[in-house]
Student: 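Following this message is one structure expressed as structure tokens.
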Amino acid sequence: MSCSIVIPVYNGAETIGPLVTRLVEVLDRDGLQIVLVNDGSPDHSGVVCRTLQERYPEHVVYVELAKNFGEHNAVMAGLRHTTGSHVVVMDDDFQNPPEEVRRLVAHAARHDYDVVYTRYERKHHHWFRNLGSRFNDRVATVLLDKPPGLYLSSFKCMNRFTVNEVLRYTGPYPYIDGLILRCTRRIGVLQVRHDPRTVGRSNYTLRKLLALWLNMFVNFSVLPLRVSTFAGFVASLLGVALGVATTIEWILRPGTPVGWASIVVTLLTFSGVQLMMLGVVGEYIGRLFLSGNQTPQFVVREVLQEAEQPCIRIRGSINSETEASSSREDWDFSAATSRSVSSISEPA
């Protein structure tokens, strides 16, 4: 069984070196592949990654993106260069212990899961990130039909089937967990350790959080359009009710002037609803335009790897040249829903 590890790197110059060294030390070197994706990091992460590739050429693949495309785009770039039967995605901050990778892959293989997510008894993230993660979990449950007890951790393991299905998506706005949930429900969960951050600070910002929510809203669900339709229907009923009330008042009290304040409030309310609905529709249309305009998912500037390490490619790929676990630890979501999930159609 071979294992590939994809690590998107952004401002990780202080942590990526010790992380890769530890991964090589604790994991079986046979079949180990580590794909480092430099997502336009402004620090000297690129230099460190190049040094690691030269030090461990038989294990490390270095992928340098032309600019910052975002974490999920960087993961997609890394997935396209993996060769292992199982692929682990982890952060570059060293908060996920390398020793847990072996348990994660073994758990997936033993139970024949397509995906295994991790969960933490205690998370050592900043309160803002924990708050955002909880909100993101609630949104995903509604929009993506996610099993309610499943935590969408960035530290996860996928088998080759799932990786290939995820890679069928070639649009410019990928959301890895959304792609996973629309192709499989054979999902397990394993409790792992989460260590405190020792150096640096989190790259988790409000802007990135909003971008992630927008990806879920627009790219993987039509619920916002349905909410807009419902809001318009409610606003129309409210308008009819106000019109009837005004007419009744005029009949019962002839000569009663129509209030200026009520007119202004009504206009502002309905105008706001209309603009909100136009904004939602415009976001969908704009993303369709950008996809049709062939906006790249990512652009690879350079790939460093041993010639013997093949690169997994699929038709339609773009831009790259162009563990026994107790019931407390193991949750099975394969029967969480009776709805069948169709495979993602292959792009032309």
Side-chain angles (χ1 to χ4, degrees), residues 1-41 43-94 96 98 101-102 104-105 154-160 162-164 166-167 169-170 174 176 296-314 317-322:
M1 182 176 61
S2 56
C3 173
S4 297
I5 304 174
V6 176
I7 308 176
V9 182
Y10 187 80
N11 285 338
E14 297 182 68
T15 57
I16 192 60
L19 175 58
V20 170
T21 300
R22 188 59 181 160
L23 285 170
V24 174
E25 289 176 352
V26 303
L27 297 178
D28 187 356
R29 297 195 179 194
D30 293 336
L32 174 63
Q33 179 194 42
I34 303 173
V35 182
L36 306 178
V37 184
N38 181 12
D39 187 23
S41 183
D43 64 357
H44 60 286
S45 294
V47 176
V48 177
C49 290
R50 288 174 180 271
T51 302
L52 291 169
Q53 200 282 326
E54 294 173 358
R55 183 185 304 171
Y56 308 108
E58 69 276 20
H59 300 299
V60 175
V61 177
Y62 173 56
V63 180
E64 181 177 319
L65 301 188
K67 69 185 187 81
N68 178 251
F69 285 89
E71 178 184 359
H72 291 261
N73 299 66
V75 170
M76 291 291 286
L79 291 177
R80 295 185 184 276
H81 290 81
T82 59
T83 60
S85 60
H86 289 79
V87 178
V88 174
V89 180
M90 63 191 305
D91 295 333
D92 63 352
D93 53 16
F94 220 156
N96 299 128
V101 173
R102 186 190 304 275
L104 189 58
V105 176
S154 59
F155 184 31
K156 51 183 166 283
C157 174
M158 298 176 281
N159 62 9
R160 176 50 55 183
T162 307
V163 171
N164 289 340
V166 168
L167 287 178
Y169 179 81
T170 59
I176 305 297
Q297 190 179 93
F298 55 84
V299 177
V300 174
R301 183 183 300 277
E302 184 181 13
V303 178
L304 298 180
Q305 66 179 30
E306 271 197 333
E308 291 78 10
Q309 292 187 1
C311 175
I312 295 296
R313 301 197 187 279
I314 62 170
S317 63
I318 58 175
N319 296 324
S320 44
E321 197 189 304
T322 24

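Here the structure is a predicted model, which means the values were calculated and not measured. Side-chain atoms are counted along with the backbone in the values below, which use heavy atoms only and exclude waters and symmetry mates.
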Student: Can you tell me if His59 uses its side chain to pair, donor with acceptor, with the backbone of Ile34 under 3.5 Å?
Tutor: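 No, the answer is negative, given that no donor and acceptor are paired below the 3.5 Å cut-off.
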Student: Do Ser154 and Asp91 have side-chain N/O donor and acceptor atoms under 3.5 Å apart?
Tutor: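 There is such a pair (donor and acceptor under 3.5 Å, judged by atom type) between the side chains of Ser154 and Asp91.
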Student: How far does CG of Leu304 sit from CG of Leu52, to the nearest 0.5 angstrom?
Tutor: 11.5 Å
Student: Could you tell me which non-hydrogen atom of Glu306 sits nearest to which non-hydrogen atom of Pro57, and how far apart they are?
Tutor: CG-O, 3.2 Å
Student: As a quick check of understanding, evaluate side-chain contact (heavy atoms from CB on, under 4.5 Å) for Leu167 and Arg80, giving each step before the final call.
Tutor: CA-CA 7 Å; Leu167 287 178; Arg80 295 185 184 276; 3.4 Å; yes
Student: Rounded at 0.5 Å granularity, tell me how far OG1 in Thr51 sits from OH in Tyr56.
Tutor: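 With rounding to 0.5 Å, OG1 (Thr51) is 11.5 Å from OH (Tyr56).
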Student: Tell me, do Cys3 and Leu27 make a side-chain contact under 4.5 Å, heavy atoms counted?
Tutor: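 In short, these two side chains do not touch, never coming nearer than 4.5 Å.
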Student: Compare all side-chain heavy atoms of Ile176 with those of Val89 and state whether any distance is below 4.5 angstrom.
Tutor: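 Heavy-atom side-chain distance check fails, nothing below 4.5 Å.
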Student: Under a 3.5 Å distance rule, please check whether Gln297 uses its side chain to pair with a backbone N or O of Met76 as donor and acceptor.
Tutor: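 A pair under 3.5 Å: no.
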Student: Test side-chain contact (heavy atoms from CB on, under 4.5 Å) on Leu32 and Ile5; report intermediate values, then the result.
Tutor: CA-CA 8 Å; Leu32 174 63; Ile5 304 174; 4.0 Å; yes
Student: Could you check whether any side-chain N or O of Arg102 sits under 3.5 Å from a backbone N or O of Val26, counting only pairs where one atom can act as donor and the other as acceptor?
Tutor: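 Yes; at least one donor-acceptor contact below 3.5 Å.
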Student: If every non-hydrogen atom of Ala77 is compared with every non-hydrogen atom of His81, which pair is closest and at what distance?
Tutor: O-ND1, 3.0 Å
Student: Provide the closest heavy-atom pair for Phe94 versus Pro98 in the form atom of the first, atom of the second, distance.
Tutor: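 Minimum heavy-atom separation between Phe94 and Pro98: CE2-CD, 3.5 Å.
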Student: I'd like to know whether Leu23 forms a side-chain contact (heavy atoms from CB on, under 4.5 Å) with Met90, so could you lay out the CA-CA distance, the side-chain angles of the two residues, the decisive distance to 0.1 Å, and finally the verdict.
Tutor: CA-CA 12 Å; Leu23 285 170; Met90 63 191 305; 4.3 Å; yes
Student: Any idea which heavy atoms bring Phe155 and Leu104 closest together, and the distance?
Tutor: CE1-CD2, 3.8 Å
Student: For the CD1 atom of Ile7 and the CG atom of Asp39, what is their distance to the nearest 0.5 Å?
Tutor: 14.0 Å
Student: Within this structure, what is the CD-CG distance for the pair Glu64 and Leu36, rounded to the nearest 0.5 Å?
Tutor: 12.0 Å
Student: Using a 4.5 Å cut-off on heavy atoms from C-beta on, say whether the side chain of Gln33 contacts that of Val87.
Tutor: no
Student: With sequence neighbours left out, what residues match Arg22 under salt bridge (Lys or Arg N to Asp or Glu O under 4.0 Å)?
Tutor: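 Arg22: salt bridge (Lys or Arg N to Asp or Glu O under 4.0 Å) contacts with Glu25, Glu99.
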Student: State whether the side chain of Ser2 and the backbone N or O of Gly31 hold a donor-acceptor pair below 3.5 Å, judged by distance alone.
Tutor: no
Student: Side chain to side chain donor-acceptor pair (under 3.5 Å) with Glu54: which residues, sequence neighbours excluded?
Tutor: none
Student: Are Asp92 and Tyr10 linked by a side-chain donor-acceptor pair shorter than 3.5 Å?
Tutor: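 Looking only at side-chain atoms, Tyr10 and Asp92 do not form any donor-acceptor pair under 3.5 Å.
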Student: Can you name the closest pair of heavy atoms from Leu79 and Met158 and give their distance?
Tutor: CD2-CE, 3.9 Å
Student: Taking atom CG of Asp43 and atom CD1 of Ile16, what is their separation to the nearest 0.5 Å?
Tutor: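 Separation between the atoms: 11.0 Å.
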Student: Less than 4.5 Å apart, any side-chain heavy atom of Val37 and any of Val75?
Tutor: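 Answer no - side chains too far apart.
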Student: Measure the spacing between CG of Asn38 and CZ of Arg301 and express it to the nearest 0.5 Å.
Tutor: 10.0 Å
Student: Glu14 vs Val48, test: side-chain contact (heavy atoms from CB on, under 4.5 Å). Steps then yes/no.
Tutor: CA-CA 9 Å; Glu14 297 182 68; Val48 177; over 6 Å; no
Student: For Gly12 versus Ser41, what's the shortest heavy-atom pair and its separation?
Tutor: N-OG, 4.4 Å
